[in-house]
Protein chains: 2
Amino acid sequence: MTIQEMGKRAKDAARVLAAVSSGQKDRALLAIAAALRAKEADILQANAEDVQAGRQNGLTDALIDRLTLTPARIEGIATGMEQVAGLPDPVGKLDAGWTRPNGLRIFKTRVPLGVVGIIFESRPNVTVDAASLCLKAGNACILRGGKEAIRSNLAFARVMRGALKESGLPEDAIQVVEDTTRDSAAALMRLNGYLDVLIPRGGAGLIQSVVQNATVPVIETGVGNCHVFVDESANTEMAAQIIFNAKAQRPSVCNAAETLLVHKNIAVAFLPRAKALLDTKQVELRGDETVRAILGGDVQPAVEDDWATEFLDYILAVKVVDSLDEAIAHIARYGSGHSECIVTENYTNSEHFLREVDAAAVYVNASTRFTDGGEFGFGAEIGISTQKLHARGPMGLAELTTVKYQIYGSGQIR
Amino acid sequence: MTIQEMGKRAKDAARVLAAVSSGQKDRALLAIAAALRAKEADILQANAEDVQAGRQNGLTDALIDRLTLTPARIEGIATGMEQVAGLPDPVGKLDAGWTRPNGLRIFKTRVPLGVVGIIFESRPNVTVDAASLCLKAGNACILRGGKEAIRSNLAFARVMRGALKESGLPEDAIQVVEDTTRDSAAALMRLNGYLDVLIPRGGAGLIQSVVQNATVPVIETGVGNCHVFVDESANTEMAAQIIFNAKAQRPSVCNAAETLLVHKNIAVAFLPRAKALLDTKQVELRGDETVRAILGGDVQPAVEDDWATEFLDYILAVKVVDSLDEAIAHIARYGSGHSECIVTENYTNSEHFLREVDAAAVYVNASTRFTDGGEFGFGAEIGISTQKLHARGPMGLAELTTVKYQIYGSGQIR
């Protein structure tokens with residue numbers, strides 16, 4: 001089927017979904033969860049073929065691990081879907097309502113976006129997670145995953161579409177693109193008239209390709225060059241725990257810290273303590289001259305590129321700055337607008353940092369790792385927006401909706 | 001100066017503006033209004049040169065009228081700026097705030113978008129209107145108007161930038177692009193890293209060019225193929241007044257109606273009354289066969305294209321439909337998602353229409369002409385969004401802001 005044809009079907013399905021009750025959507029989500037469990041063997045079989053093909057094609061162990069499904073992972077996916085069913089419906093919420101002097105009553109009501117496209121890479125669980133959030137928010141979705149997981153993704157799609165149909169909802173509310181060549185991605189990026197938004201989920205290369213080539217509205221996600229700034233008044237033990245957590249608890253994710261900035265007046269007291277903790281996970285430090293003078297020779301010299309790099313690894317760039325303002329200027333220059341943290345005991349500096357730093361999430365005395373839909377209490381997350389339009393930071397169900405003005409008149413004319 | 005260099009300057013100015021108080025922004029707006037009055041002669045001189053050049057280049061009288069400034073128009077522009085100063089500041093508003101079980105306090109706060117680009121056509125007042133709204137919302141703006149008004153636009157920019165400087169704000173908060181070739185528009189569309197949003201204001205050609213070519217986030221504005229549906233239970237006199245107003249009060253704007261849909265059971269009673277009113281403004285009707293059978297030979301036959309056309313003129317396509325659902329299906333097929341109206345006395349049908357029709361503004365018993373920031377009570381309008389991301393319908397000051405999560409911790413780690 002062509003992407004254009006999938007777009008038409010999605011649009012038709014979206015019209016139906018927009019008028020469906022919360023109860024009906026939730027029953028469908030529960031039916032899908034039950035079907036995932038019932039069809040576990042089929043899904044694992046398809047996944048095994050993906051994994052075998054992946055090994056033949058020389059995927060790394062890490063990629064094979066991300067690709068592999070197990071009964072426990074499928075149970076986790078089904079449980080996640082049941083949790084989404086339990087969340088409040090974002091559709092129908094009144095954002096505002098007022099009466100004009102001429103008597104017009106204006107209601108600004110949350111409605112589904114319509115058709116959501118998602119382009120993602122190898123993890124097949126994204127297929128189900130994204131579909132469940134789109135369905136809950138009343139949207140049809142077109143999911144285009146990577147070729148490594150295509151058999152798993154199509155198996156998930158068969159199960160979900162079957163359960164939709166049995167629940168009385170249009171099966172085209174969830175579609176997986178079979179064609180995993182660049183052509184299908186390119187067609188999705190230009191599916192104007194059918195796609196209300198396209199969300200890329202994956203590495204910087206994928207995201208930039210979508211931003212550069214899409215003519216449909218896009219939400220840019222994910223790239224996080226995040227900083228922790230240790231102010232001169234910081235509690236050094238707290239600061240060490242925060243940078244250790246922000247860097248090393250899970251370095252492969254976008255809310256992990258990539259650069260540590262340290263005020264010159266606390267560098268001697270703080271850096272050795274931080275290094276001792278980071279050494280327990282073999283974090284490679286790349287420091288400027290001052291850092292190397294304090295910490296000694298086994299710290300690599302940082303080069304210009306290090307300040308701009310999202311390592312996504314056990315590597316941390318470290319710089320000593322003369323002032324809070326120098327730290328803020330460094331973040332403005334190199335940051336990606338994702339998550340930024342100051343560790344400080346100084347009230348005025350904390351407020352200054354919160355106000356001046358331009359990022360989706362700005363923290364005082366907490367790890368950048370909290371920038372996450374679950375940690376924010378949204379119950380789910382479709383991605384983390386690093387742009388400023390529509391959504392910024394973790395996107396939950398509300399961000400998968402838009403508004404419609406419903407206006408009640410009694411014959412008003414201008 | 002290159003567009004890239006303008007982007008850098010705008011970004012620097014935006015950083016300053018983001019931290020400026022409401023009072024300081026409002027004083028700058030009042031200073032600009034005063035400067036516009038004081039420098040009226042300079043502005044009129046520059047505008048006279050534009051008008052002269054326009055006549056030499058054969059601009060139509062309508063375009064010359066849109067281009068021409070007068071003392072009264074400048075006074076109106078200055079007064080508009082004072083009104084913007086009097087509106088509430090959208091920046092700093094708390095959209096939400098909550099405490100997580102781990103003690104993190106999360107505040108979702110409205111902040112400026114940053115740098116706003118606007119590409120527009122011949123009317124020079126847009127320069128000042130857009131600049132005032134951007135400034136009020138704490139944004140720097142880069143304004144790229146048409147070549148017909150370039151002298152006027154640059155004169156406005158000189159006055160505004162001078163007043164900004166005297167008010168202690170960065171003059172690069174307002175920049176007008178001198179180069180009016182396609183090159184500058186193309187460069188603006190690809191100014192990633194500097195431009196947070198680009199808003200095209202103008203005809204369908206301009207908007208499509210921006211949607212097709214921009215890599216920066218865009219808000220699509222303006223195209224309105226709006227419908228009025230007269231249900232079988234409608235009050236025929238109310239319905240006639242509404243379609244007359246929606247079509248003929250100001251046909252050149254996007255919220256004017258382009259197609260009239262009439263339920264078959266009221267067509268004979270309603271259509272002659274509507275035609276009598278529309279005839280008073282010489283509105284050309286293009287009807288289907290049933291319409292022509294009822295209204296007689298001076299109604300032109302409608303062709304397929306008429307249902308899809310935004311006439312922006314004294315032309316109205318008219319169709320008789322068998323049911324409410326046929327009307328809704330027609331709107332789903334041909335509408336542009338702008339403004340749609342049902343005239344009815346039937347409660348269930350009114351609710352059905354409000355729910356099922358997918359448009360920025362859906363009306364019961366009121367003219368589509370109310371889709372407007374002023375009429376909605378926003379006090380100002382930067383455009384009308386016909387997309388679903390970020391903003392939908394009339395965009396006021398709130399739509400020129402985004403959010404930032406400010407998170408207060410006490411050492412939390414994951």
Side-chain angles (χ1 to χ4, degrees), chain A residues 15 18-19 98 100 104 106 111 113-114 192 196-197 211-213 215 217-220 235 238 241-242 244-246 249-250 332 350 354-356 358-367 369-371 375-377 387-390 392-393 402-414, chain B residues 15 18-19 98 100 104 106 111 113-114 192 196-197 211-213 215 217-220 235 238 241-242 244-246 249-250 332 350 354-356 358-367 369-371 375-377 387-390 392-393 402-414:
Chain A
R15 269 190 70 196
W98 64 97
R100 294 290 301 155
L104 280 182
I106 302 179
V111 297
L113 279 169
N192 298 70
D196 293 293
V197 61
V211 167
Q212 289 298 318
N213 296 304
T215 52
V218 166
I219 297 180
E220 197 173 337
N235 172 326
M238 182 196 288
Q241 294 293 343
I242 285 174
F244 179 60
N245 183 264
Q249 193 240 355
R250 197 172 168 203
S350 72
L354 285 171
R355 189 177 63 240
E356 298 276 332
D358 185 23
V362 186
Y363 292 84
V364 180
N365 295 354
S367 170
R369 290 276 293 112
F370 288 104
T371 304
E375 293 295 331
F376 270 31
Q387 69 179 36
K388 294 183 183 174
L389 276 201
H390 185 70
R392 198 178 191 201
T402 181
V403 294
K404 166 157 102 176
Y405 288 100
Q406 297 174 309
I407 300 132
Y408 292 76
S410 50
Q412 283 84 350
I413 56 173
R414 283 180 76 175
Chain B
R15 269 190 71 196
W98 64 96
R100 294 290 301 152
L104 281 182
I106 302 179
V111 297
L113 280 169
N192 297 68
D196 293 293
V197 60
V211 167
Q212 289 298 317
N213 297 305
T215 53
V218 166
I219 298 180
E220 196 172 339
N235 173 326
M238 182 196 288
Q241 294 293 343
I242 285 175
F244 179 60
N245 183 264
Q249 193 240 356
R250 199 171 166 205
S350 72
L354 285 171
R355 190 177 62 239
E356 299 275 332
D358 185 22
V362 186
Y363 293 85
V364 179
N365 294 353
S367 170
R369 290 276 294 111
F370 287 104
T371 304
E375 293 295 331
F376 270 31
Q387 70 179 35
K388 294 184 183 174
L389 275 202
H390 185 72
R392 198 178 190 200
T402 181
V403 294
K404 167 157 100 176
Y405 289 100
Q406 296 173 312
I407 299 131
Y408 291 75
S410 51
Q412 283 85 349
I413 57 173
R414 284 180 75 176

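Side chains are part of it too, since the values below use all heavy atoms of this structure and drop only hydrogens, waters and symmetry mates. Proteins come first, then strands; the chains are lettered A, B, ... in the order of their sequence lines, and each starts at number 1.
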Novice: Any heavy-atom pair between the side chains of A:Val364 and B:Ile407 that's under 4.5 Å?
Specialist: no
Novice: Quick one: ring pair (Phe, Tyr, Trp, His ring centres under 6.0 Å) partners of B:Phe376, sequence neighbours excluded?
Specialist: A:Tyr405, B:Phe378
Novice: Counting only heavy atoms closer than 4.5 Å, note whether B:Leu389 contacts chain A via side chain, backbone, both or neither.
Specialist: both
Novice: Is a salt bridge present between B:Arg414 and A:Glu375, judged by a nitrogen-to-oxygen distance below 4.0 Å?
Specialist: yes
Novice: Quick check on B:Asn192 against chain A: is it the side chain, the backbone, both or neither that has a heavy atom closer than 4.5 Å?
Specialist: side chain
Novice: Quick one: does A:His390's side chain have a donor or acceptor within less than 3.5 Å of a partner on B:His390's backbone?
Specialist: yes
Novice: Strictly distance-based, threshold 3.5 Å: is any side-chain N or O of B:Lys388 a donor or acceptor partner for the main-chain N or O of A:Leu113?
Specialist: yes
Novice: Would you mind checking which part of B:Ala246 comes under 4.5 Å of any heavy atom in chain A, side chain (CB onward), backbone (N, CA, C, O), both or neither?
Specialist: neither
Novice: Is A:Gln406 reaching over with its side chain to a backbone N or O of B:Leu354, donor-acceptor style, under 3.5 angstrom?
Specialist: yes
Novice: What residue in B:Gly393, B:Ala360, B:Ser367, B:Ser350 has the most heavy-atom pairs under 4.5 Å with chain A?
Specialist: B:Ala360
Novice: Checking heavy atoms, do the side chain of B:Val218, its backbone, both or neither come under 4.5 Å from chain A?
Specialist: backbone
Novice: Nearest heavy-atom pair of A:Ala332 and B:Arg15: which atoms, and what distance?
Specialist: CB-NH1, 3.7 Å
Novice: Only pairs of heavy atoms separated by less than 4.5 Å count here; which of A:Tyr363, A:Phe370, A:Tyr408, A:Phe244 has the most with chain B?
Specialist: A:Phe370
Novice: Run the side-chain contact (heavy atoms from CB on, under 4.5 Å) test against A:Arg250 and tell me which residues pass, sequence neighbours left out.
Specialist: A:Ser252, A:Val253, A:Arg369
Novice: When only pairs under 4.5 Å are counted, which of A:Asp358, A:Thr371, A:Leu104 shares the most heavy-atom pairs with chain B?
Specialist: A:Leu104
Novice: Determine the minimum heavy-atom distance between A:Gln387 and B:Pro217, stating which atoms define it.
Specialist: OE1-CG, 4.3 Å
Novice: Let's test your reading of the structure: which of A:Gln241, A:Glu220, A:Glu356, A:Met238 forms the most heavy-atom pairs below 4.5 Å with chain B?
Specialist: A:Met238
Novice: Check each atom of B:Ala18 against the heavy atoms of chain A and say whether the ones under 4.5 Å are side chain, backbone, both or neither.
Specialist: neither
Novice: Please flag which part of B:Gln212 lies under 4.5 Å from any non-hydrogen atom of chain A: side chain, backbone, both or neither.
Specialist: both
Novice: Would you find a donor on one side and an acceptor on the other, under 3.5 Å apart, between the side chain of B:Lys404 and the backbone of A:Arg392?
Specialist: no
Novice: Over all heavy atoms of both residues, which pair between B:Gly409 and A:Ala366 is shortest? Give the atoms and the distance, please.
Specialist: CA-CB, 4.2 Å
